[in-house]
Amino acid sequence: KRAYKPISYVDQMAIHFSLNGNMILKDSDEGRRQKIRLSTAVGTLIHLPFLLPEKASVETSAVTSEEAEVKDEESTGDTQAAGEEETEESGTAEVAEAAEAEEPPPPRVKEQKLANQFNFIERASGTLNNPMRERACQSEPIPCKNFSTTAYQWEIYDAYVEELQKIERSKEKEKSKAQIAKREEEKKKGRKLTSLESQSDDITKISKAAKIMERMVNQNTFDDIAQDFKYFEDASDEYRDQQGTLLPLWKFQYDKTKRLAVTAISWNPKYKDLFAVGYGSYDFMKQGQGMLLLYTMKNPSFPEYVFSSESGIMCLDFHYDHPYLVAVGFYDGNVAIYNLKKATSQPSYKSSAKSGKHTEPVWQVKWQKDDMDNNLNFFSVSSDGRIVSWTLVKNELVHTDVIKLSVEGTTMQGPEGLQLQTLGCGTSFDFHKKIDYLFLVGTEEGKIYKCSKCYSSQFLDVFEAHHMAVDSVSWNPYHLKVFISCSSDWTVKIWDHTIKTPMFIYDLNSAVGDVAWSPYSSTVFAAVTTDGKAHVFDLSINKYEALCTQLVVAKKKNKITHIQFNPVYPVVIIGDERGHVTSLKLSPNLRRMPKEKKGQEVKKGPEVEIAKLDKLLNLVREPESKA
Amino acid sequence: AEVEETLKRIQAHRGVVATIVVNAEGIPIRTTLDNSTTVQYAGLLHQLTMKARSTVRDIDPQNDLTFLRIRSKKHEIMVAPDKEYLLIVIQNPCE
């Protein structure tokens with residue numbers, strides 16, 4: 001234990017060379033014997049000459065005589081010599097004697113004298129070296145963990161952003177005056193932290209990702225439609241000189257609106273793929289609930305927002321500057337504003353009987369510019385003959401009657417001298433894009449009134465437009481004087497508001513539900529009829545016929561109610577009575593821009609459009625002006 | 001909640017094979033697959049998403065990864081990363 005143990009043979013040992021040695025330890029018996037033998041052999045050589053001179057000194061006379069005597073004398077001399085030297089070399093003689101006993105007696109020769117008289121033998125001694133033992137002690141290793149990270153560009157950026165935010169927050173804290181406010185903030189932050197911790201695995205946090213994922217999944221399912229929407233251009237349009245087609249894209253439908261008719265469609269001014277659809281019922285007898293759904297083209301299977309209401313929705317409009325505000329008119333005469341940013345499914349503001357709602361269905365609502373106090377403001381028109389301006393003052397809707405549509409020549413003498421006026425029923429209106437106060441109102445009687453916001457009792461002008469109710473009036477987006485109207489009397493008419501008679505009249509063989517100008521050209525418009533067909537006209541190409549007449553809705557029982565052009569994409573959406581909204585892509589023929597003449601630059605912009613329409617109008621006007 | 005409904009709709013959509021929700025550490029918290037496959041998907045896709053996001057942000061730190069689609073022969077794996085979560089959907093694109 002604790003010492004080295006010689007192990008003669010180990011597995012791993014390989015013997016390369018072995019030689020049996022014949023070394024003997026000097027002081028051992030065998031070693032001494034060998035030493036003596038060696039030394040006597042040397043001594044005989046030396047002793048003979050040594051002895052002779054001694055003999056000569058003892059007996060010089062009898063030199064030559066007897067060799068035997070000499071020998072004896074030699075031997076006696078030897079013994080004498082031996083005797084003489086006994087004392088000195090007693091040790092060696094003893095050795096010799098000792099050697100004699102074991103071996104044939106070595107010749108009696110004097111041992112060689114050692115050089116060192118004192119018989120010096122080196123002797124040394126040293127202290128015992130203690131065997132080294134290793135003893136070590138180690139403390140418990142500090143727990144080490146490997147931590148590594150790579151300094152990416154974005155890590156650096158994130159760190160800077162965080163710093164910035166900290167600085168800003170500290171600045172805000174300094175700015176907040178009351179210390180109580182500070183404490184409240186901290187309390188709120190504290191609460192927020194605790195609530196965050198409690199929602200550690202909450203699924204609601206994933207709402208954004210879930211939304212994106214739903215759109216991705218839909219994109220996959222409707223992949224071919226998405227590709228069509230983006231890239232498909234009907235090549236055969238080159239061969240169909242003046243004809244175009246509408247390519248059906250997505251179809252939007254929702255369970256709860258299956259029994260409701262689409263009563264209004266509108267695109268969001270900010271997000272070009274978002275549109276709102278109002279659901280209600282045109283049938284007087286069957287009045288039920290209403291719904292407001294907002295769809296996006298990115299997700300055709302489920303609406304983004306769903307709002308329900310007690311009464312059917314008849315019309316809606318997005319605010320231009322605040323694209324999250326939707327004004328809605330109901331069948332029961334109420335108006336409401338929905339705020340998309342809020343999570344509730346109820347409108348943010350609603351009118352009521354007290355606050356001056358209409359007594360008849362509201363057919364159209366339109367946002368106006370904010371009034372002088374920066375309050376939001378919109379107009380509504382209804383069958384009760386009133387055009388009302390609603391202003392949002394301190395979270396309440398305040399109404400102002402703008403105009404009462406009195407029918408000319410129908411003032412009656414009522415009891416007690418009251419003058420009763422029968423009021424016309426407004427069914428649609430549109431405000432001029434540039435001239436702020438100017439607007440048009442279409443009525444059930446077929447008349448179109450040109451009115452001004454400033455004059456509340458008189459109209460600027462009256463157009464005897466149609467024989468039946470005017471379903472829609474719309475100013476041309478480019479030309480300042482032109483507007484279009486459509487009616488259940490099967491016609492679509494285009495007017496110049498300075499001239500009493502229409503410029504163009506189109507008979508579409510069926511009651512026209514809606515008409516809309518296209519946003520990209522001043523001469524293109526589309527109309528939908530109750531027989532399920534959509535008609536697209538381009539006045540610059542064909543003044544008398546539609547470029548495209550296409551059956552959009554499959555079943556004959558279904559009527560189309562509304563049409564809207566997308567402001568950016570070449571897409572129209574059409575709503576029908578079954579609650580479906582179909583999107584269609586316009587083929588290239590329907591979107592033709594004025595051809596460039598060789599050498600001339602292509603002028604772009606609204607001036608071109610206005611000029612285009614003007615040219616056409618002049619063609620029509622000339623004979624009239626002559627007449 | 002609304003999110004629950006959305007997830008249900010996604011799962012019920014045509015061609016969707018599975019839906020997995022993974023948290024920030026790569027641990028699946030919700031799945032419609034069996035455990036072992038889920039764990040495998042979660043771990044691998046988590047790493048891939050981290051790498052993809054790092055790549056995008058390295059080039060322009062103000063940019064961020066919106067979603068990741070991996071289309072293979074058999075199906076398509078779609079990953080929508082969030083601040084703290086990862087939503088993975090495996091769909092058979094109908095072609």
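Proteins come first, then strands; the chains are lettered A, B, ... in the order of their sequence lines, and each starts at number 1.
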In short, B:L7 meets A:A210 closest at the heavy-atom pair CD2-CB, 4.3 Å
Non-hydrogen atoms of B:D58 and A:W154 that approach each other most closely
N-CD1, 3.3 Å
Name the member of A:K211, A:K208, A:Q153, A:E155 that forms the most heavy-atom pairs with chain B at distances under 4.5 Å.
A:Q153
Nearest non-hydrogen partners of B:V3 and A:I206, listed with the distance
CG1-CG2, 3.7 Å
Can you tell which part of B:E76 gets under 4.5 Å to a heavy atom of chain A, answering side chain, backbone, both or neither?
side chain
Apply the test side chain to side chain contact (heavy atoms under 4.5 Å, CB included) to residues A:D158 and B:R57: give CA-CA distance (whole Å), side-chain angles for both, the deciding distance (0.1 Å), then the verdict.
CA-CA 10 Å; A:D158 278 347; B:R57 293 203 77 202; 2.8 Å; yes
Select one option (side chain, backbone, both, neither) describing which atoms of B:V56 are under 4.5 Å from chain A's heavy atoms.
neither
So CD of A:Q219 and CZ of B:F67: to nearest 0.5 Å the spacing works out to 6.0 Å
What I'd like to find out is whether the side chain of A:S301 reaches to under 4.5 Å of the side chain of B:H13, using heavy atoms alone.
yes
Chain A contact via B:L68 - which portion, at a heavy-atom distance below 4.5 Å
backbone
Is the shortest heavy-atom distance from the side chain of A:N220 to the side chain of B:R71 under 4.5 Å?
yes
Can you name the nearest heavy-atom pair linking B:M78 to A:M216, along with the distance?
CB-CE, 3.3 Å
As a quick check of understanding, evaluate side chain to side chain contact (heavy atoms under 4.5 Å, CB included) for A:T221 and B:Q91, giving each step before the final call.
CA-CA 9 Å; A:T221 326; B:Q91 189 189 20; 3.4 Å; yes
In terms of heavy-atom proximity below 4.5 Å to chain A, should B:V16 be classed as side chain, backbone, both, or neither?
side chain
